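Okay, so here's the structure we're looking at.
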Amino acid sequence: MDAKANKPLLFPHLNQSVVKGITGFQLDAYLIALEGWRRGLDLIWYKDESDLCKLNVLPGKTNGRFFSLSSNEKKHYFFCSRGDKVSNKATSICRNKYLTKEKLKKAGLPVPEGATFKEDKEIIMFAEKIGYPVVIKPKSGSMGKGVYVNIKSKDQLEEALNEFRSIEKNKNKEVIIEKYYPGTEYRVYVVGEKVVGATKRIPANVIGDGIHTINELIDQKNKERKKNPYLSTKPIKVDFEVRKLLKNKGYTPDSIPNKGEQVFLREKSNLSQGGDPIEATHELSDEIKQLAVNALKALPSIEHAGLDIIVNPENKNKGTVIEINSKAEIAFHVYPLSGKAKDVPRAIIDYYFPETINNFKTTAYFDYLSILEPLKSWSVEELKISKAPSKPYFKKSFRVKGRVQRVGYMSYIKRQAQRHNLYGEIKKIDDDAVVTIIGPESTKLDEFKNIIYKGSRKSRVKEVIESETELIKEPFKIGFEIIV
């Protein structure tokens, strides 16, 4: 997939500036929290390991990932993409890949043939029984860690097991071995009884141009990935696995592929290891979508989740459910490498707060990164974000000439803007200052001109050049900043 030739179609209210610097599961949390907040719901973030948490979570930090949204009538808790309509029991089942498969199998749904073993010799014997190719993976885990796919022989299986066991924590870990199923793999996200997004995950790859080496093509692609909010921290890395796969295909990192030739760098399609997220909901048949919905129904109280499904290459209406993730990443649905973005956060909030579907939705956003430190340091038990604007806002800019730098002028303007409940910024340009004021009424912006003229005690304003007042259509951050 040539990323440059297939630019994604993203949502204007979730452009790169809105999510700048937010990564990983924190991005998932922010996207859902922001969607609820911009509809007028009350948003509260909680400290690490808060006693208020009603959701069982894995050991580790909840900082910036645990929050609640509430209206006058009800309140719901969320941890990353998981809400409280996903039961703790269902989450425990999903963490155990083998138990998940057994539940699905009992419900009559197609799952890979396989078994769980602790001894490597039993794994090898089972592989001989079901026939190659096979897949091995830890009984519990995520992000594709410890997963080896399309193992075609006993020698390859022994090599994969040796590599897996070389990691200390994996020495005595139970391993699932399954029959490998060829076909296209999709991460399908279901909310209620509806598929709201499906991403085709393609293993890390580059497209040759007949000029650049594989190393150079990887550098070029990583620059493109850097521009994508979700992929920015997930570059393609040339490691042992990549070098080995290239060698098996007769390449080295310095080889120059032919123009248009697609060179795969990994077997696994994990996005964290350089895979491409391609929006592909339109590719799924109604039968595959229903399979995804039925799979969630096979588990107790799991109203939304992500499912990995492999579609049969010979029959697009048949597929195999690989696993279910109750706390699935959703950001790649919002920020695909190509295709039309799917608003999974909106679908989740629609499901929890259907009464807000037609609410006014502001284009404002809040500074997520600024809330992390007080939560992380436990200096606060909880942190409530101020109410979102409930009506359209306007913007007006003023270029201020005179003695306005290093005389307290910028701090003065910031204090006055905050005192009048206005947002915006003041920044230094040459010897001048440019003030941008954002507020709900155009008359308030005009009145602020008097404050700009007055200035601080030591400042001297000679001239103010103002712009036309305009209705804000693009995202804007609440608060007021000084930019120097």
Side-chain angles (χ1 to χ4, degrees), residues 1 3-4 6-8 10-11 14-34 45 48 57-58 60-67 79-82 141-147 187 189 197 199-206 215-242 253 264-266 268-279 306 308 325 327-339 341-342 344-345 365-373 375-376 475 477:
M1 180 65 66
K4 291 182 179 179
N6 297 274
K7 291 291 185 183
L10 305 180
F11 297 109
L14 292 174
N15 64 29
Q16 198 166 19
S17 64
V18 175
V19 296
K20 185 178 180 180
I22 311 173
T23 60
F25 287 113
Q26 290 182 337
L27 179 56
D28 297 322
Y30 179 65
L31 289 172
I32 294 175
L34 178 64
W45 296 89
D48 282 0
V57 298
L58 288 170
K61 296 180 178 180
T62 61
N63 179 231
R65 304 177 189 183
F66 176 49
F67 61 96
F79 177 65
C80 299
S81 66
R82 179 194 165 199
S142 63
M143 309 298 287
K145 295 177 182 177
V147 178
R187 164 57 64 87
Y189 203 89
T199 298
K200 182 163 56 180
R201 298 182 294 183
I202 300 176
N205 68 91
V206 292
N215 257 337
E216 291 169 338
L217 293 170
I218 289 174
D219 288 341
Q220 291 176 9
K221 190 161 189 178
N222 281 340
K223 288 178 182 177
E224 288 298 311
R225 293 173 74 87
K226 195 73 176 175
K227 299 174 186 176
N228 181 293
Y230 173 75
L231 297 173
S232 62
T233 58
K234 298 173 174 61
I236 300 172
K237 297 179 181 178
V238 180
D239 53 17
F240 174 79
E241 181 185 353
V242 170
F264 285 96
L265 306 170
R266 297 189 189 278
K268 292 180 286 188
S269 60
N270 295 83
L271 305 181
S272 60
Q273 297 184 32
D276 294 344
I278 311 300
E279 196 336 273
D308 291 338
N325 193 325
K327 196 193 69 168
E329 289 187 293
I330 61 170
F332 56 77
H333 294 289
V334 181
Y335 300 106
L337 192 63
S338 71
K342 294 298 181 182
V344 173
Y365 63 99
F366 58 91
D367 187 354
Y368 170 82
L369 296 178
S370 68
I371 73 173
L372 295 181
E373 189 53 42
L375 292 172
K376 185 178 180 180
K477 184 162 62 175

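Keep in mind that this is a model prediction, so the values were computed, not measured. FYI, side chains are in, hydrogens and waters are out, and symmetry mates aren't considered; it's all heavy atoms of this structure.
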[X]: which residues meet the salt bridge (Lys or Arg N to Asp or Glu O under 4.0 Å) condition with it, sequence neighbours left out?
X: Arg225; result: Asp276
X: Lys237; result: none
X: Lys226; result: none

So, using ring pair (Phe, Tyr, Trp, His ring centres under 6.0 Å) as the criterion, who are the partners of Phe264 when residues are at least two apart?
none
Under the ring pair (Phe, Tyr, Trp, His ring centres under 6.0 Å) test, residues paired with Tyr189 that sit two or more places apart:
none
With [X] via side-chain contact (heavy atoms from CB on, under 4.5 Å) - residues at least two apart:
X: Asp239; answer: Glu241, Val242, Arg266
X: Ser269; answer: Glu185, Arg201, Pro203
X: Glu216; answer: His212, Thr213
X: Leu369; answer: Ile22, Asp367, Leu372

[X]: what forms a side chain to side chain donor-acceptor pair (under 3.5 Å) with it, not counting sequence neighbours?
X: Tyr335; result: none
X: Ser81; result: none
X: Ser17; result: Asn15

